[in-house]
Amino acid sequence: MAVRLCDVASLLRSGSWAAEPWTGQVITAMETQLSNGPSCTTSNGLNSVSNNCTSPVEMPNGNEDSKTNLIVNYLPQNMTQEELKSLFGSIGEIESCKLVRDKITGQSLGYGFVNYVEPKDAEKAINTLNGLRLQTKTIKVSYARPSSASIRDANLYVSGLPKTMTQKELEQLFSQYGRIITSRILVDQVTGVSRGVGFIRFDRRVEAEEAIKGLNGQKPPGATEPITVKFANNPSQKSSQALLSHLYQSPNRRYPGPLAQQAQRFRLDNLLNMAYGVKRFSPVTIDGVTSLAGINLPAHAGTGWCIFVYNLAPDADENVLWQMFGPFGAVTNVKVIRDFNTNKCKGFGFVTMTNYDEAAVAIASLNGYRLGDRVLQVSFKTNKTHKA
DNA sequence: TCCTATT
């Protein structure tokens with residue numbers, strides 16, 4: 001089982017995500033896990049221990065498709081689809097490769113799919129790349145289950161666990177309800193002691209439902225307290241919560257003003273429906289924007305505050321602007337500037353917002369925002385005729 | 001009281 005360290009290492013050196021300065025060693029270990037190994041503990045991150053107790057080379061449900069199609073989990077946040085393809089392409093010919101990204105923000109969700117032409121290459125990729133350490137992550141490579149609605153929302157959050165309970169014991173407790181895909185017990189970062197909370201992902205949602213019915217409020221054997229078992233939060237919910245709390249803290253709460261009914265409804269729809277996370281990479285504060293605005297005289301045409309959005313992708317459309325700015329308040333107009341001949345976006349656009357405070361928060365939040373593989377520049381549109 | 005696994 002020749003692990004092609006040279007191939008992989010050269011790929012890693014050429015990739016931007018391999019050049020993180022804090023990672024002393026890109027490849028710190030490559031523990032290839034074969035089918036019969038009982039010791040399948042994989043560590044991911046500093047404060048948790050995860051277990052992949054399904055052997056990676058074991059076929060899920062004997063589906064023909066899954067002999068070539070792999071799911072790759074725990075990818076570094078900044079790894080691109082091209083880099084994923086490059087890494088897995090070192091094994092054999094790839095039929096298709098997809099890094100899964102948030103539909104709206106374009107951020108990597110940390111997993112992807114690699115479909116090989118030949119089943120033997122898929123197996124080789126599992127044997128070679130499963131357990132590979134990339135930056136702070138230990139990637140997991142396994143056969144993808146056939147895609148189906150029944151396998152979604154099958155992740156459980158478990159709390160109130162005895163601190164002495166091991167992952168194996170946790171799995172033993174839950175395995176009576178179905179096939180466990182992953183399990184995890186969160187541990188204290190410093191002491192490594194269990195925090196009494198964990199996760200169980202089942203193969204199918206119905207199994208998770210049965211586990212809730214059977215175990216929620218029950219005491220595990222030997223335990224003195226009952227455990228809580230519920231569906232885990234999902235990432236999109238978390239994003240909406242971040243948005244909600246962001247809005248809650250935004251200045252427009254203090255000065256509600258006469259917001260149009262339509263604008264409020266639009267904002268609510270967005271909050272409820274969008275899988276959208278506000279990540280503020282921008283060092284610009286609201287005050288920073290305000291002072292900048294003071295210098296550059298933001299354009300206010302009477303109908304609202306005009307915002308300049310720069311570095312949009314060629315295929316950007318109005319929709320993405322509505323989706324980005326809508327949650328921050330009343331948006332009355334958006335426009336993507338396109339080339340007359342090609343109809344492709346020329347890299348910038350404009351958004352008009354009714355209220356100054358909402359516009360300022362939107363700018364502070366979205367300037368420096370990474371949309372796909374681009375970093376946006378967002379500012380009040382300046383009125384050049386009045387500039388020095 | 002929350003690790004991120006279904007295109």
Side-chain angles (χ1 to χ4, degrees), chain A residues 41-54 56 60-61 63 65-66 68-77 79 81 84-85 88 94-103 105-116 126 130 136-161 163 167 170-171 174 178-189 192 194-205 207-208 216-217 225-242 275 277 279:
Chain A
T41 301
T42 306
S43 183
N44 262 297
L46 298 171
N47 61 344
S48 66
V49 178
S50 76
N51 217 345
N52 310 325
C53 281
T54 303
N61 302 331
N63 185 303
D65 294 350
S66 53
T68 58
N69 197 21
L70 303 179
I71 184 166
V72 186
N73 290 295
Y74 311 111
L75 293 168
Q77 172 61 225
M79 188 172 184
Q81 179 165 298
L84 181 67
K85 186 172 185 180
F88 282 79
I94 291 173
E95 191 277 326
S96 62
C97 170
K98 175 152 190 178
L99 178 69
V100 180
R101 294 180 178 275
D102 183 289
K103 282 190 178 62
T105 66
Q107 305 247 340
S108 166
L109 294 182
Y111 68 92
F113 297 88
V114 175
N115 193 18
Y116 283 99
I126 291 172
N130 182 49
T136 62
K137 304 283 192 175
T138 301
I139 70 169
K140 180 180 175 185
V141 184
S142 54
Y143 287 112
R145 291 171 285 162
S147 185
S148 146
S150 66
I151 67 175
R152 296 178 53 176
D153 304 315
N155 196 21
L156 296 179
Y157 175 76
V158 187
S159 59
L161 294 168
K163 300 283 197 285
Q167 212 159 20
L170 179 67
E171 290 207 353
F174 280 80
R179 177 180 170 220
I180 295 170
I181 301 300
T182 55
S183 70
R184 169 168 295 171
I185 289 178
L186 302 187
V187 299
D188 183 278
Q189 287 199 21
S194 165
R195 291 168 53 195
V197 303
F199 294 87
I200 294 280
R201 180 181 298 277
F202 277 103
D203 180 35
R204 291 178 300 138
R205 183 168 56 251
E207 296 169 338
N216 184 38
E225 298 300 321
I227 60 173
T228 300
V229 184
K230 52 167 74 168
F231 282 107
N233 291 345
N234 124 353
S236 57
Q237 286 166 351
K238 189 177 154 196
S239 302
S240 286
Q241 278 162 12
K279 293 233 172 164

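To find a chain, count down the sequence lines: A is the first, B the second, and so on, and within it residues start at 1.
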I need the A/Arg101 CZ to A/Tyr111 OH distance, nearest 0.5 Å. 12.5 Å
Shortest side-chain distance from A/Lys230, nucleotide among B/dT7, B/dT1, B/dC3: B/dT1
For A/Val197, check side-chain contact (heavy atoms from CB on, under 4.5 Å) against everything at least two apart and list the hits. A/Tyr157, A/Ser159, A/Leu186, A/Arg195
Looking only at the side chain of A/Asn233 (C-beta and beyond, no hydrogens), which of the listed nucleotides B/dC3, B/dT7, B/dC2 gets closest? B/dC2
Without decimals, in angstroms, what is the distance between A/Lys98 NZ and B/dT7 P? 9 Å
Establish, with yes or no, whether the OP1 or OP2 oxygen of B/dC3 is under 4.0 angstrom from a side-chain nitrogen or oxygen of A/Arg195. no
Measure from the side-chain heavy atoms of A/Phe199 and tell me the nearest of B/dT4, B/dT6, B/dC2. B/dC2
Starting from C1' on B/dC2, measure out to CD1 on A/Ile227 and report it in whole angstrom. 15 Å
Using atom CG of A/Leu170 as one end and atom P of B/dC2 as the other, report the distance to the nearest whole Å. 16 Å
Across the strands shown, which category fits A/Tyr111 at heavy-atom distances under 4.0 angstrom: base, sugar-phosphate, nothing? sugar-phosphate
Could you tell me whether the phosphate oxygens of B/dT6, OP1 or OP2, come under 4.0 Å of any side-chain nitrogen or oxygen in A/Arg201? yes
For the pair made of CZ in A/Phe231 and C1' in B/dT4, what is the distance, rounded to whole Å? 16 Å
Send over the distance from A/Arg179 CZ to B/dT6 C1', rounded to a whole Å. 13 Å
Determine whether a donor-acceptor pair (one donor, one acceptor, N or O, separation below 3.5 Å) exists between the side chain of A/Arg152 and the base of B/dT6. no
Side-chain N or O of A/Lys137 versus OP1/OP2 of B/dT4: is the shortest distance under 4.0 Å? yes
What is the distance from CZ of A/Arg204 to P of B/dT6, rounded to the nearest Å? 16 Å
dist A/Phe199:CZ -> A/Leu156:CG (nearest 0.5 Å) comes out at 10.0 Å
Give the rounded distance in Å between these two atoms: CG of A/Asn73 and P of B/dT7. 13 Å
Rounded distance in Å - CD1 (A/Ile185) to C1' (B/dT1): 15 Å
Partners meeting salt bridge (charged side-chain N to carboxylate O under 4.0 Å, His left out) with A/Arg201 (sequence neighbours left out): none
Given DNA chain B, 5'-ward residue of the pair A/Leu109 and A/Ser147, judged by closest heavy atom: A/Leu109
Rounded at 0.5 Å granularity, tell me how far CG in A/Leu170 sits from CD1 in A/Ile227. 7.5 Å
With no angle test and no hydrogens, is the base of B/dT7 tied to the side chain of A/Asn69 by a donor-acceptor pair under 3.5 Å? yes
